[in-house]
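Whatever order the structure lists ligands and atoms in, that order sets their numbers, starting from 1.
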Amino acid sequence: MNPTVQPHWHQRASQLHIDPRAFIHGERVDVHGWGRFNSINPQDGAIVASLPSCGQAEVDRAVESSRKAFQQGSWSQRSPYERSRVLLKLADALENNQEELALLDSLEMGMPISSALPDIQVAAGIVRGVAERVNQLSEQLLPSAPSTLALNLRVPHGVVGAITPWNFPLYVAVAKIVPALAMGNSVVLKPSELASLSSLRLADLAHAAGIPAGVLNVIPGLGTETGRLLALHMDVDCLSFTGSTNTGRVLMQYAAQSNLKALLLECGGKSPQIVLDDLGDLDAVAEAIVHGYVWNSGQVCVAGTRILVTRKLYTPLMERMVARLDAQRSGDPLDAATQLGPLASAVQLERVASMVEAARSSGAKVVAGGARDEAMGGCHYRPTLVAEVPHSHPFMQEEIFGPVAGILPFDSPEQALHLANDCQFGLAATLWTRDFYLANQMARRVHGGPVTVNAVARPAPGFVTGASVEPARVSGFGSEGGMAGLLAYTRAKNVQFRLA
Ligand code: NAD
């Protein structure tokens with residue numbers, strides 16, 4: 001059957017065999033833990049799966065299994081070349097199972113299948129990129145006296161705890177654990193309670209591809225239970241987290257209270273899009289800006305939700321954006337033509353609705369959307385644009401995580417830069433201009449890891465490989481992507497030999 005026709009995906013979904021069990025030491029295991037929790041389909045409220053929330057015994061078992069595997073060396077002591085060969089098999093497995101993985105993400109958090117499927121392909125590309133790069137890393141022989149030999153080495157941390165969010169479940173899990181594995185670490189992954197199933201399947205596929213037992217364990221569970229236990233664990237050497245800034249703050253405390261584990265924090269954002277005078281095609285820019293913040297229903301860490309526009313283009317750009325927002329095709333995530341699915345949960349829907357209401361009741365003008373999508377039901381919210389809201393208002397300062405943005409005019413590039421940086425977050429930024437001298441000046445001064453010019457920031461821009469980014473301010477710290485993203489999963493070590 002043609003995969004673009006809706007019944008195909010519903011039929012595939014009804015045939016899915018869902019295994020919610022934890023993956024510990026190379027196999028699926030039944031656990032009792034704290035009890036169970038349900039993952040809910042935000043399109044129709046149906047229970048997708050009932051999962052165990054791993055408790056102290058399971059977290060200990062997973063960490064112990066990872067430690068044992070690390071010490072025993074069946075992965076950590078293999079050459080980068082051998083590890084990369086296994087990772088290439090994993091990339092093939094992701095592609096061979098892309099429909100199943102995309103469906104699991106779509107069912108659990110509502111991402112349209114038209115986005116979920118390419119997302120798995122991007123994840124497979126990340127694995128291939130890591131497998132290639134790990135063979136290009138070199139260690140350093142230092143200048144020293146003839147009687148000595150001195151080496152600067154990079155060694156794996158050991159056991160890495162990974163905690164991931166729900167907005168791109170499989171993609172973020174891959175982007176996090178594959179560099180860690182490539183550098184020889186063992187990993188214990190706790191996926192989001194809203195969307196754990198693709199991460200559990202990832203563990204099955206990794207094991208089948210040749211990752212030895214214990215090197216990757218996946219323990220489902222609630223953040224405040226399973227996540228907390230992992231973050232406080234005394235035998236986890238490094239904690240790599242992607243999620244909200246609030247949780248990031250808590251994890252810093254857990255690291256301090258336990259064993260001062262190394263931390264990598266990829267947290268929230270409220271990224272600016274700065275539209276300058278010298279533009280090309282205004283229609284194309286309007287299209288790209290809208291896509292940039294409504295894609296995945298706005299549940300994108302780098303979404304450009306503070307739209308700052310030079311005064312002369314403010315009204316014409318806004319009109320073009322409103323036309324495009326009103327034309328967005330909301331629908332069933334399993335319909336391949338759907339552009340906009342539901343928000344991932346009722347909690348998320350409530351947050352988005354209340355933030356728009358707060359802006360409206362303080363005098364802002366909602367120029368598009370601004371309400372639940374009653375026709376769609378479920379957790380759908382109409383794509384929204386809000387004007388005349390002060391930049392200091394929480395609507396412009398806090399991460400909302402929905403298909404909603406604010407738009408404001410500015411009178412000079414310097415004022416635009418001031419507004420862009422007048423925010424606690426520093427995750428990403430986008431500039432729109434053909435004045436590349438100005439763009440270069442501003443790109444260096446604006447806060448943000450990825451800064452894109454004439455293209456919206458995406459977690460993995462399709463036109464570049466090997467990019468390394470590091471968030472600023474309360475968006476976190478620690479590199480992701482490229483060579484720096486591999487080195488983040490190692491420590492520096494110096495070894496000196498006295499030869500005579
Ligand atoms: P969240 O912080 O609520 O949860 C993220 C993960 O942390 C989940 O697995 C959750 O179970 C766990 N967790 C929650 N409380 C915990 C605790 N006390 N101890 C240990 N673990 C705990 O975030 P979310 O709602 O799942 O995801 C959305 C957030 O993720 C947004 O803020 C978004 O910007 C951010 N995000 C950032 C990036 C990035 O690269 N910077 C990428 C994707 C998402």
Quiz: residues 29-36 side-chain donor-acceptor pairs under 3.5 angstrom, not counting sequence neighbours:
from: Trp34; atom 1: NE1; to: Cys54; atom 2: O; distance (Å): 3.1
from: Arg36; atom 1: NE; to: Ser50; atom 2: OG; distance (Å): 2.9
from: Arg36; atom 1: NH2; to: Ser50; atom 2: O; distance (Å): 2.9

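- At distances below 3.5 Å, at least one donor-acceptor pair connects side-chain atoms of Ser106 with backbone N or O atoms of Met111.
- The pair Glu357-Arg360 meets the salt-bridge criterion, with a side-chain N (NZ, NE, NH1 or NH2) lying under 4.0 Å from an Asp/Glu carboxylate O.
- Using a 4.0 Å cut-off between charged side-chain N and carboxylate O, Lys261 and Asp237 make no salt bridge.
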Using the ring pair (Phe, Tyr, Trp, His ring centres under 6.0 Å) rule, take Trp295 and Phe168 through it: C-alpha gap first, then chi angles, then the decisive distance, then the call.
CA-CA 12 Å; Trp295 171 54; Phe168 293 95; 5.2 Å; yes

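- Listed as neighbours of ligand 1 are Ile163, Thr164, Pro165, Trp166, Asn167, Lys190, Pro191, Ser192, Glu193, Gly223, Gly227, Arg228, Phe241, Thr242, Gly243, Ser244, Thr247, Val250, Leu251, Tyr254, Glu266, Cys267, Gly268, Cys301, Glu399, Phe401, Leu427, each bearing a heavy atom under 4.0 Å from the ligand.
- One finds no salt bridge joining Lys270 and Glu398 here, because no Lys/Arg side-chain nitrogen approaches an Asp/Glu carboxylate oxygen to under 4.0 Å.
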